[in-house]
Amino acid sequence: AKEDQGSSYHFYAEEMNKQALERQIIERDLKIAIPNGELEVYYQPKLDVKNNRVAGMEALVRWNHPERGFMPPGLFIPVAERSPLIVLIGDWVLREACRQVRRWQAEGLGDLKVAVNVSAVQLKENCMVTNVRQVLLETGLAPHLLELEITESAVMDDVEHTISVLENLRDLGVSLSIDDFGTGYSSLNYLKRFPVKRIKIDKAFVDEIIDETSEGVIARAVVTMGHSFGMEITAEGVEEEFQHEFLSKLGCDEIQGYLFGRPMQAADFKTFVKDKTAE
Ligand code: C2E
Ligand code: CA
Ligand code: CA
Ligand code: CA
């Protein structure tokens, strides 16, 4: 038995080493990814449920690693969040997304609203509000066309500080939404104080809608509660038509998911919007 323990410890230590090494490699490569042009922003459309039109899109970062190929954000964002890299990446995505919307405006695609993810680490940085203001000035994007998505766990991390940062961001004219709602532990009392325009129902609760007879208890509760706070509701991870119908009946304002469109490259997104507008 003693030997067993020894070897399982060994195995454990080796696993830990491997993970630490993997993190180091990702961090090392990520540092040069921006200057090397390896990052790319994909855009996933959001559907305005009431008028059946493209409401805007979410910017999602992609990394084309020169040797390893495509790296999903779920793999490198958590690593970036353990270093100042997340601030550099976050700024880059923000600037790129705002520029892209301006290009699309110039190309006649109309006023599309873009949502950019903000990490908890960025919220804690003093420069967050200054950076957003700077990017808006630089790109000339109207602030109301920018939405910042902040996860529920990030806003609940240091509530008083977060509220003051969010208020400063709101004062710039950008809109704010709480991402992955339902997975964290917001207190309703705080929720009321957040200057937030929108709640995004996490995919986990959309997944609970398995057919036409599902009750979708949590989705229903979030829509009711959000609306009574004067917020709009987006459901994410919508893959099935019956989920779309269900959420539409609940009065959900926007849906996002593979059913309507996957995250895509800027050029494909442009075609997507043109096709939808022509329909
Ligand atoms: P998220 O912000 O919750 O983004 C939604 C994720 O769900 C995206 O994964 C999207 O591709 C995926 N998704 C959308 N619709 C569906 C669907 O119908 N079915 C399924 N199965 N998945 C769907 P992605 O792009 O891999 O991003 C994962 C996470 O990485 C994001 O979750 C976000 O937390 C983070 N992330 C991505 N880009 C950025 C970024 O620029 N900055 C920061 N801080 N985080 C980012
Ligand atoms: Ca998001
Ligand atoms: Ca989300
Ligand atoms: Ca998520």
Side-chain angles (χ1 to χ4, degrees), residues 26 30 33-34 38-47 55-64 70-100 113-125 128 131-132 135 146-155 157 175-184 186 196-210 219 222 233-244 247 254-266 268-269 272:
I26 291 179
L30 207 45
I34 298 182
E38 292 161 20
L39 297 187
E40 184 176 358
V41 181
Y42 273 49
Y43 298 91
Q44 184 178 33
K46 298 182 182 185
L47 175 76
M57 60 276 171
E58 177 171 3
L60 293 156
V61 70
R62 298 290 179 260
W63 183 11
N64 306 302
F70 175 76
M71 297 266 275
L75 212 69
F76 67 86
I77 291 289
V79 177
E81 283 181 325
R82 298 163 68 123
S83 79
L85 276 170
I86 189 64
V87 178
L88 294 178
I89 295 174
D91 265 359
W92 183 84
V93 173
L94 177 68
R95 185 169 277 106
E96 187 59 34
C98 293
R99 273 192 195 138
Q100 185 58 68
K113 187 187 66 178
V114 67
V116 176
N117 291 287
V118 174
S119 148
V121 184
Q122 288 173 273
L123 271 191
K124 290 205 187 80
E125 286 283 319
M128 178 71 202
N131 288 355
V132 174
V135 170
L146 176 64
E147 183 164 305
L148 299 173
E149 295 191 0
I150 300 147
T151 62
E152 185 185 19
S153 50
V155 286
D157 200 22
S175 57
L176 304 164
S177 62
I178 302 183
D179 203 353
D180 300 348
F181 191 80
T183 60
S186 316
V196 164
K197 192 180 162 198
R198 177 180 309 282
I199 287 177
K200 292 186 81 176
I201 305 176
D202 194 74
K203 178 176 190 302
F205 308 113
V206 174
D207 287 344
E208 286 179 352
I209 307 165
I210 50 167
V222 174
I233 315 294
T234 301
E236 58 181 2
V238 178
E239 295 179 347
E240 306 290 344
E241 185 50 41
F242 63 78
Q243 293 175 328
H244 172 192
L247 291 158
E254 289 178 356
I255 61 165
Q256 181 183 350
Y258 293 171
L259 174 71
F260 185 51
R262 293 195 174 236
M264 51 194 117
Q265 290 183 305
D268 295 331
F269 187 82
F272 179 91

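As the structure lists them, so they are numbered: ligands from 1, and atoms in each ligand from 1. The residues of the chain are indexed from 1 along the displayed sequence. All heavy atoms count here, side chains included; hydrogens, waters and symmetry mates do not.
- In this structure, K203 is part of the shell of residues with a heavy atom less than 4.0 angstrom from ligand 1.
- Remark: K46 engages E149 in a salt bridge, criterion side-chain N to carboxylate O under 4.0 Å.
- Those atoms of ligand 1 that come under 4.0 Å of a heavy atom in V238, given as number and element, are 18 (O).
- At a threshold of 4.5 Å between non-hydrogen side-chain atoms, the residues L123 and D157 do not count as touching.
- Close contacts of ligand 1 with Q44, meaning ligand atoms under 4.0 Å from a residue heavy atom, involve 14 (C), 15 (N).
- Nearest N/O/S atom of E58 with respect to the Ca ion (ligand 2) is recorded as OE2.
- The Ca ion (ligand 3) lies closest to atom OD1 when only the N/O/S atoms of D180 are considered.
- Distance check for N117 against the Ca ion (ligand 2): an N/O/S atom falls below 3.0 Å.
- With 3.5 Å as the limit, one finds no donor-acceptor pair spanning the side chains of D91 and Q122.
- Using a 4.5 Å heavy-atom cutoff, the side chains of Q256 and P45 are not in contact.
- Summary: OE1 is the N/O/S atom of E149 found nearest to the Ca ion (ligand 2).
- Close approach of ligand 1 to G237 (heavy-atom distance below 4.0 Å) involves ligand atoms 16 (C), 17 (C), 18 (O).
- Contact detail for V238 and H244: the closest heavy-atom pair is CG1-N, 4.0 Å.
- From Q44, atom CD reaches atom CZ of F269 across 9.5 Å, with rounding to the nearest 0.5 Å.
- For D179, the N/O/S atom at the shortest distance from the Ca ion (ligand 3) is named OD1.
- In summary, the atoms of ligand 1 found under 4.0 Å from a heavy atom of E239, numbered by their order in the structure, are 17 (C), 18 (O), 19 (N), 20 (C), 21 (N).
- Close approach of ligand 1 to E58 (heavy-atom distance below 4.0 Å) involves ligand atoms 2 (O), 4 (O).
- Here the rule is side-chain contact (heavy atoms from CB on, under 4.5 Å) with E96, and of V41, V135, L39 only V41 fits it.
- Put simply, no part of P72 is less than 4.0 Å from ligand 1, judged by heavy atoms.
- In the vicinity of D180, heavy-atom distances shorter than 4.0 Å reach the ligand 1 atoms 3 (O).
- The Ca ion (ligand 3) does not have D202 among its coordinating residues (no N/O/S atom, backbone or side chain, under 3.0 Å).
- Contact check on E147 versus K200 returns no salt bridge, with no Lys/Arg side-chain nitrogen under 4.0 Å from an Asp/Glu carboxylate oxygen.
- Rounding to the nearest 0.5 angstrom, the gap separating the CZ atom in R99 from the CG atom in L94 is 10.5 Å.
- Atom numbering of ligand 1 starts at 1 in the shown order; those under 4.0 Å from a heavy atom of S119 are 44 (N).
- Here K203 pairs with D207 in a salt bridge; the nearest charged N to carboxylate O distance falls below 4.0 Å.
- Proximity annotation for atom 39 (C) of ligand 1: of V61, V121, L75, I89, V61 comes nearest, heavy atoms only.
- The N/O atoms of N117, backbone and side chain alike, include one that comes under 3.5 Å of an N/O atom in ligand 1.
- A side-chain N or O of T234 and one of R198 form a donor-acceptor pair less than 3.5 Å apart.
- Considering each of Y258, Y42, F260, W63, the one bringing a non-hydrogen atom nearest atom 23 (C) of ligand 1 is Y258.
- Residue G257 approaches ligand 1 through these ligand atoms, each under 4.0 Å from one of its heavy atoms: 15 (N), 18 (O).
- In this structure, the side chains of I26 and W63 come closer than 4.5 Å at one or more pairs of heavy atoms.
- Closest N/O/S atom of E236 to the Ca ion (ligand 3): OE2.
- Put simply, the side chain of P73 does not reach to within 4.5 Å of the side chain of L60, judged on heavy atoms.
- Remark: distances from the non-hydrogen atoms of R62 to ligand 1 include one below 4.0 Å.
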